[in-house]
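Working notes for the structure below.
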Amino acid sequence: MKVLVINCGSSSLKYQVLDMEDESLLAKGLVERIGIPGSILCHEKTGMEKYNLEAPMADHKDAISHVLDALLDKDHGVLKSMDEIGAVGHRVVHAGEKYAYSVLLSQDVIDALTECTDLAPLHNPPNLLGISACKELMPDTFMVGVFDTAFHQTMEPESYIYAIPYEYYEKYKIRRYGFHGTSHKYVAERAAAILGKPVDDFKVITCHLGNGASITAVKNGKSINTSMGFTPLEGLVMGTRSGDLDPAILQFIAEKENMDVFKVTNILNKKSGIYGISGISNDLRDIEKAVLEGNDRALIAVKVFAHRVKSYIGSYMAEMNGVDAIVFTAGIGENDIGMRAQILENMENLGVELDLELNNIRGIETVISKPDSKVKVLLIPTNEELMIARDTNRIVSELK
Ligand code: AMP
């Protein structure tokens with residue numbers, strides 16, 4: 001079966017087509033500036049040059065219809081007819097407490113996801129727009145939802161309950177949900193496979209360090225704790241998000257700067273993190289360049305980022321009574337050699353010994369710890385689209 005994977009943002013859309021016979025990638029692409037002048041689709045058939053199409057795309061339906069045209073194009077396409085697509089897998093950010101697994105997108109499920117919109121006001125609406133556009137354009141094709149929050153639904157209350165009046169959990173479902181679940185699950189399973197360990201007897205800490213960053217404790221294939229919380233704002237320092245801080249700071253800034261809570265929260269989401277500390281950029285490559293040029297605030301940003309990740313690793317090692325492995329993934333985790341070294345510096349007494357030569361690598365699945373390191377360290381490029389395609393293929397194959 002061929003599966004189309006769709007990941008919709010508010011003004012962008014990523015897609016891939018995979019042939020699930022051998023899990024090969026047939027084509028992928030990105031549409032940007034949906035609903036904004038200058039809409040552009042960048043399509044890439046595996047093994048061929050990228051091809052760009054600039055055309056007005058007023059909404060997600062317009063964008064997806066151009067994607068389908070590109071997939072059917074006689075030169076750049078990978079399909080003779082849309083009937084070849086057996087199912088569409090949609091990335092959906094938030095499923096609240098409703099779904100711990102991927103599910104077929106029936107109208108009931110879509111209604112339940114719509115109810116979750118107030119938990120993810122920025123992310124779920126574009127995801128839902130993508131689903132309704134695909135349903136209109138491909139009314140007879142199966143659609144599956146794969147949720148960022150699902151993998152973390154195995155957490156116990158001690159990990160997900162906040163120490164605020166319990167009625168807020170009961171009334172409003174305020175709790176830790178966690179995100180990036182598809183990525184954490186993928187790299188945890190890959191790590192077990194690479195090390196030849198059974199997933200159900202394997203303790204691993206997965207560090208998804210990208211512009212958004214989170215870290216998860218995975219015990220026997222299940223997420224038992226994760227750093228992102230009710231929203232993706234909690235936890236690690238990120239490109240523009242603050243991560244953990246004293247909640248009293250909100251009121252303090254609001255009073256000092258004469259702002260309301262929405263504005264302060266916006267600052268914590270969009271103007272903080274690496275960008276906020278350095279004042280330069282949200283991209284660690286720019287920050288590290290500035291460090292080399294002697295910029296002190298850039299150096300502080302790098303140190304704060306590394307320190308936060310290390311603190312979480314230590315906490316999760318305690319929570320799981322030691323670990324078999326630590327995995328690095330996403331933009332920074334896969335590419336930033338110096339950051340990985342800084343995070344794992346001085347952890348020999350905890351059994352973590354990074355091999356600085358093996359660590360000198362980017363973007364390739366590799367064990368980067370010393371051969372006798374008790375805790376193995378791995379670099380594993382994430383592949384959320386493959387996970388979405390696998391779940392979609394499994395669910396739809398079971399229907400037949
Ligand atoms: P992601 O959100 O996973 O796409 O990661 C994007 C982030 O990865 C960028 O903002 C950079 O901070 C970081 N990144 C990507 N490539 C490198 C690199 N070669 N060295 C350091 N950081 C990188």
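We count ligands from 1, going down the list as the structure has it; atoms in each ligand are counted the same way. Heavy atoms only: backbone and side chains are in, while hydrogens, waters and symmetry mates are out.
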query = In Å and rounded to the nearest 0.5 Å, what is the CD to CG distance from E353 to L344?
reply = 11.0 Å
inquiry  = Could you measure the distance from the OG1 atom of T206 to the CZ atom of R190? Nearest 0.5 Å is fine.
reply    = 15.0 Å
ask   = Is the ring centre of H76 less than 6.0 Å from the ring centre of Y51?
value = yes
query = Hey, would you say the F151 and H180 ring centroids sit under 6.0 Å apart?
reply = no
Closest to [atom] (judged by heavy-atom distance), picking from [options]:
{"atom": "atom 22 (N) of ligand 1", "options": "R285, M238, H208", "value": "R285"}
{"atom": "atom 11 (C) of ligand 1", "options": "D283, T382, D336", "value": "D283"}
{"atom": "atom 8 (O) of ligand 1", "options": "G239, A330, G331", "value": "G331"}
{"atom": "atom 19 (N) of ligand 1", "options": "I332, T329, N335", "value": "N335"}

query = So, H184 versus S214: side-chain donor-acceptor pair below 3.5 Å or not?
reply = yes
inquiry  = Are any of the N/O atoms on L284, whether in the backbone or the side chain, positioned under 3.5 angstrom from an N/O atom of ligand 1?
reply    = yes
query = Are E257 and K263 close enough for a salt bridge, meaning some N to O gap below 4.0 Å?
reply = no
Shortest protein contact, atom 7 (C) of ligand 1 (heavy atom only) = N211 N, 3.9 Å
task = May I ask whether atom 4 (O) of ligand 1 is less than 4.0 Å from at least one protein heavy atom?
result = no
request  = Just jot down the ligand 1 atoms closer than 4.0 angstrom to any heavy atom of G210, in number order.
outcome  = 1 (P), 2 (O), 3 (O), 5 (O)
